[in-house]
Amino acid sequence: MSVSALKMSRLLIMSGFYFMSSPGSGSAGGKPNLDVEKKVDSLLNQMSLDEKIGQMTQVNKLSIDKNPQHIKELYIGSILSGGGESPRPNTPQSWADMTRAYQQQATETRLGIPLIYGVDAVHGHGNVYGAVVFPHNIGLGASRDPELIAKIAKITSKEVAATGIHWNFSPAVSVARNLRWGRTYEGYSENTELVRALSKGYTSGLLSFTTEKGSRVLGTAKHFVGDGGTVWGSSHNSQFKIDQGDTPLSEQDLRTIHLPPYKDLIEEGIQSVMVSYSSWNQEFMHRHGYLIQDVLKGELGFDGLVVSDWLGVFWQDGENDAIKIENSINAGIDMVMAVDRYADFISILKNLVLTGRVPMSRIDDAVRRILRVKYRVGLFSDPYYTSGFTEEVGSAAHRKVAREAISKSAVLLKNNNAVPFSGKNRRLLVAGKGANNMGLQCGGWTINWQGGDGDITPGDTLLNAMQVSIPNGWTINHLAEGQKEIDGTDLYDYGVVVAAEDPYAEGFGDKLQPQLKDEDLALLAQVKARSKKTILIIYSGRPVEIKNADSLADAIIAAWLPGTEGLGLSDLLLGFKPFTGKLPYTWPKSFANYEGYPVSQDNTLFPFGHGIQTQ
Ligand code: BGC
């Protein structure tokens, strides 16, 4: 093809008229679409090996910023923001400007194939300052409400697209079977059926959002497969204990416990699957040809793209990088989250192809899948996504849904006539590190990968929410952090203590003994001595050992990691909404002899499904 013909074809591809079809015409529902397949074939036929390998490469923002020209020079197919990789200033508009600038580079390559930008919007678009932050999945598991979750996912897609981002690494469909795991909160439940129902709800909502031009956000089922089944002490990462570990299970059990959500989401139309850092019976998932090629792509008929986890290809054991890359690509990984190792990945993979260790047919299959997905979501006709709705990020309408989600996700574990509050001229005491701390209220994957402490993003803490919601004549006294003495000498009508786990993400949250802190229990005792009714609210990414809190608190509420809209909790405390949440995980008494799921009857404090309803 001559240069001018090539330029012309690029223009036509970009304008969406190349094949005389409407933009976004590929079904995001994953059904074969001959039109899309023809476009993909035609494009693939024009591509050089370098262009193909470029499509298979995903670089993180911080690395590409060091050499932005590499987008063009290396034909990079995808960029991601890892947790906390935000533009400065961190505003929705600068996210949109940033993704636009990267995309501009991609569209100036020979074939002008748009890149696809990914982010972990795992509880709303949490990296973005001012975005609405929803409860983490554990809380949504307690809501048992797939329709609500669909609404959340649709809003998340909208906020993601509003910042020019096309790909969300969500939902996690992990069936978490050990509460010591630092990613327990990313999973909806220990129960496969509940994970299935809720992740289906999420996926349908995620796909229901379309831009003005009909483009959709690409969703990701992760982490394939068995990420929630790892055992304590088996981590392949020396920093961690159970995250990135081994899942020792029979194939039958793997198929019944961990595989079903993938089957469901493929039917629902999910177009990408992320591979797990974990191993199954000591064989790394990142080179598991049987599970990726035969089961996922063959048996389950998945025709979208399989993406590795962050450096997951490099982090398996193995003699050298070339062998690892050879194994991973031949096992069926289509796109490699190569992060800062992208230049190595590209040159090694090229060499593997030229020496016949990775067949060209495998490269073509990988690139075909990537292009198919790019067509299906509508990227070729709408590479920028944003069209004037950036200001909707964090809108009041979106926050209203988060408020509802918080109300539906809190679980009332115990209630000795303490909630909802009632009466006239009540005096409230509010205390505890979590009471006025947005960072603790949101948990990991918020603004930063590991989350943060304090005023990290706009919203209402529980204290703010109570202050604006209490009836006339009521008063609130806040025992601020560091303040030792409670004012006055009278009894308060209600004393509320908000205990919180410190934020964490992934293996940094692996904990042998998740439990309330001694300082929280001491505070609870102090507040109890000055209150007619004492209420303990726990912010945590999992059930924690409550020690002697049962004897100190009249009511105990598991609020999980609720997110930015504290009004959802004040609605419950003040009786504007009923408590309806039900435990998505069994709550153990102690972690001393805990072996993971199932928790023995003797060691069960509150069973799966427990939750006092105040309807
Ligand atoms: C996590 C993934 C995440 C990826 C990109 C990894 O550390 O395991 O869940 O999607 O980072 O941020």
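Below, each value reflects all heavy atoms present in this structure, side chains not excepted, and no hydrogens, waters or symmetry copies. Counting starts at 1 for both ligands and their atoms, in listed order. None of these values were measured; they are calculated from a predicted model.
Partners of S199 according to the side-chain contact (heavy atoms from CB on, under 4.5 Å) rule, which considers only residues two or more places apart in sequence or in another chain, are P171, V173, Y188, V195, P261, L265. Applying the side-chain contact (heavy atoms from CB on, under 4.5 Å) rule to Q450 yields the partners Y504, A505, F508; only residues at least two apart in sequence or on another chain are considered. With sequence neighbours excluded, no residue satisfies side-chain hydrogen bond (donor to acceptor under 3.5 Å, both in side chains) with N191.
Interatomic distance, D309 CG to I333 CD1, rounded to the nearest 0.5 Å: 9.5 Å.
Within 4.0 Å of ligand 1, the residues that place a heavy atom are L80, G82, D120, F169, R183, K222, H223, M274, Y277, D309, W310, M337, E506, listed by chain and number.
Contact between Y585 and F608 at its shortest, heavy atoms only, is N-CD1, 4.0 Å.
Atom NZ of K297 has more than 12 heavy atoms from other residues, nucleotides or ligands within 6.0 Å.
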